[in-house]
Amino acid sequence: MNARKLVLSQTHCTQIPQTIRNSLLCAAVDPPHSNPPFLPKPPILATGLLKSYFERGLIREARTLFDEMPERDVVAWTTMISGYTSCNLHGRAWVVFCEMMRYADVRPNEFTLSSTLKACKGINSSSRGALVHALVLKEGMSGSLYVSNALLDVYATCCVNMDKASAVFHEIRGKNDVSWTTLIAGYTHRGDGYMGLNVFRRMLLEEGESNPFSFSIAVRACASVHSCTYGKQLHAAIVKHGLNYNLPVMNSILDMYCRCSSLNDAKQCFHEMTQRDSITWNTLIAGYEKSDPYESISSYSRMESEGLSPNCFTFSSIIAAVANLAILSCGEQIHGRIIKRGLGGNLELDNALIDMYAKSGNVASARRIFDKMPTKNLVSWTTMMIGYGSHGYGNEAVDFFEEMVKFGVRPDRIAFVAVLNACSHAGLVDKGVRYFISMVGDYNIAPDLEIFGCLVDLLGRAGRVEEAFQLIESMPFDPDESVWGAFLGACKAHNHPDLGTLAIRKVLALKPKIAATYVVLSNIYAADGKWCDSAKMRKLMRRMASKKEAGRSSVEIKNQNYSFVAGDKMGSHMDCVDEVVKVLVEHMRDARYIPDLDFFIHDLEDGT
DNA sequence: CTAGGGTTAG
């Protein structure tokens, strides 16, 4: 080591553990006698220091030290690569690997290759993974289980399908549980839960051995296919293997019950858990968020009273729950707590807040959050767009979409659904059609049934009913209830009785599951004077509605929340609602709006 | 110096 190196080491050493510092300084002051002076020992100590820097997140220091190292062996290079990936700087890790291959006179070993493959996964690049794959073959490293498993993981997470991953998997001789779990996770994380479960079963048959990792990912697969039956079987197997004391495994079981909407099982599972961490609570809170927002909020207070502090995940769920209930004052309170806890700039939380303010009718506040965000992603833009679109600002929503594209954010399918809905409500038919063409042509997004539904609605609302019908006939999907429903509305609004009759037949053949469909049908019959058919629809609807919990609406009046279902009598509060409705009707008359009484719900008693 | 699992947003 030269003198310059010694000085540098001392400056670096101010922030490192005493033991490393001492050994490094000793090594620098007293070179080992066993080494001849012109053949320096490999920089083992400096590499140890490098690793220590990365563990503490001291990236700049690590880089400076590495740059100053007079001699850098494979281990030093590999430490840089794995150090960067462990700090989530996968791009830099890749650059170091390229530098090593280009300029350094060292050959990569199995450590280097598997660390580099992890970096490829981090930057989501299967092509770079394939490059490393070639190198693996060239270096004769394909026998290394670590390398093969890392390669399998890159292909499983970054490729469009599982072909390459499964090819790698089948070539591994002496597969271990990591190989199996990586394959299962690959299928499961891309939404192919059945295939994931299939591989899991094969693993149990062939391996005869299981591990907690594979169990929790298999449980996740059950959740993704909403199979509570498989989930319960796995739960039983987990108890049998004594894994019901493994916290991550039980968290995944809890999540599975929530996602399968088995809230009673979720509740029981939660109570039986001997150990709970913040993920347990977050899972429960997120699970209740969709079906029982009140319970979600009360779980949150219980979580806090048990001394666990909520994090971004907790608040995201709570904000979503509040958004579903549209209780603005509560949302503002939670927003305050988020700021107090210093979680203000979190991207996902800000996105949830935009949605909450927009759903509570406060589009301006939503926009304020959006404007203040240090970084925005596609979800931020889309949420804001939906906020505009669903409050009658169709033109603003469309402008917003344009601005987003100009900003360099690439829209996905959901963003197109949002902009098409906005066009539909703003009456911008031609623009909407152009967006559809651009979506397919410029963005290479395959339209699905939902997108075709938007298009049918767009054409139908604008009165281009025949075109809408041709579209339904020519699209590569079987139209569902919502497509026919949108079309039916158009037939009625623009007076196309023949196509309307056809649509009615099609809708009824699908045995509708949405109550609103029966309302539309009933009203169409009623408008036509077919009272008997109309009543039949009401009857079918009531029979269906009684099977499931009624959809509740919430309203906030003077800091009081009222929740009610259609047809509810809210007692004395009803007077207040009636008053508001009367005022609204006055406004409508002033604006010379002629109400379409055909759309009024004909609440006929059965048999009339 | 190396590989696999659990919770967020449109």
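All values derive from a computational prediction rather than experimental measurement. Proteins come first, then strands; the chains are lettered A, B, ... in the order of their sequence lines, and each starts at number 1.
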Is there a donor and acceptor pair, one atom on the side chain of A/Asn176 and one on the base of B/dG4, closer than 3.5 Å?
no
Within the side chain of A/Ser148, is there an N or O that forms a donor-acceptor pair under 3.5 Å with the backbone of A/Ser142?
yes
CG of A/Asn109 versus C1' of B/dC1: gap in Å, rounded?
8 Å
Look at all strands and tell whether A/Val249 reaches a base, only sugar-phosphate, or nothing, counting heavy atoms closer than 4.0 Å.
base
Taking only the side-chain heavy atoms of A/Phe313 (C-beta and beyond), determine which of B/dA3, B/dG5, B/dT7 contains the nearest atom.
B/dT7
Any idea which of B/dT7, B/dC1, B/dG4 is nearest the A/Arg220 side chain?
B/dT7
Would you kindly give the NZ-to-C1' distance between A/Lys359 and B/dG10, to the nearest whole Å?
8 Å
Judged by atom type as modelled, is there a donor-acceptor pair below 3.5 Å linking the side chain of A/His226 to the main-chain atoms of A/Arg259?
yes
Starting at CD of A/Glu348 and ending at P of B/dT7, how long is that distance when rounded to a whole Å?
14 Å
Checking only heavy atoms, does the side chain of A/Asp412 share a donor-acceptor pair with the base of B/dG10 at less than 3.5 Å?
yes
Given atom NE2 of A/His133 and atom P of B/dA3, what is their separation to the nearest angstrom?
19 Å
Suppose we call a contact any N or O donor and acceptor under 3.5 Å apart; does that hold for the side chain of A/Ser114 and the base of B/dT2?
yes
As a test of reading the structure: which of B/dT2, B/dG6, B/dG4 is closest to the side chain of A/Tyr146, going by heavy atoms?
B/dT2
Which of these nucleotides, B/dG4, B/dT7, B/dG10, is closest to any side-chain atom of A/Arg259?
B/dT7
Just to be sure I understand the rule, does A/Ile386 reach a base, reach only the sugar-phosphate, or reach nothing, if contact means heavy atoms closer than 4.0 Å?
sugar-phosphate
Using a distance-only criterion (donor-acceptor N/O pair, under 3.5 Å, no hydrogens), is the base of B/dG6 paired with the side chain of A/Ser252?
no
A/Asp277 has an atom CG; how far is it from atom P of B/dG5, in whole Å?
17 Å
Does A/Tyr230 have more than 12 heavy atoms from other residues, nucleotides or ligands lying within 6.0 Å of its OH?
no
Any sub-3.5 Å donor-acceptor pair from A/His335's side-chain atoms to A/Gly331's backbone N or O?
no
Nearest-Å distance, CG (A/Asn149) to P (B/dG5)?
12 Å
With hydrogens left out and only the distance checked, is there a donor-acceptor pair under 3.5 Å joining A/Asn282's side chain and the base of B/dG6?
no
OP1 or OP2 of B/dG10 under 4.0 Å from side-chain N/O of A/Arg413:
no
Classify the nucleic acid contact of A/Ser317 as base, sugar-phosphate or nothing, counting any heavy atom under 4.0 Å across all strands shown.
nothing
Once you round it to whole Å, what is the distance between P of B/dA9 and CD1 of A/Ile285?
14 Å
Can you check the A/Asn251 CG to B/dT8 C1' distance for me, whole Å?
15 Å
Among the nucleotides B/dA3, B/dG5, B/dG10, whichever has the atom closest to the side chain of A/Asn246 is B/dG5
Side-chain H-bond candidate by donor/acceptor type, A/Ser424 with A/Asn421, under 3.5 Å
no
Closest listed nucleotide, where the reference is the side chain of A/Ser82 and the choices are B/dC1, B/dT8, B/dA3
B/dC1
A/Asn377 side chain: which of B/dA9, B/dG4, B/dT2 is closest?
B/dA9
Nearest listed nucleotide, side chain of A/Leu378, among B/dG4, B/dG5, B/dG10
B/dG10
Scan for side chain to side chain donor-acceptor pair (under 3.5 Å) pairs involving residues 181-195 of chain A, sequence neighbours excluded, and state none if there are none.
none
From C-beta outward on A/Thr78, which listed nucleotide comes closest to its side chain: B/dA9, B/dC1, B/dG5?
B/dC1
Does A/Asp265 come within less than 4.0 Å of A/Lys232, counting only side-chain N to carboxylate O?
yes
At 4.0 Å (heavy atoms only), tell me whether A/Asp350 reaches a base, stays on the sugar-phosphate, or touches nothing.
nothing
Does a side-chain N or O of A/Lys121 approach OP1 or OP2 of B/dA3 to a distance below 4.0 Å, or not?
no
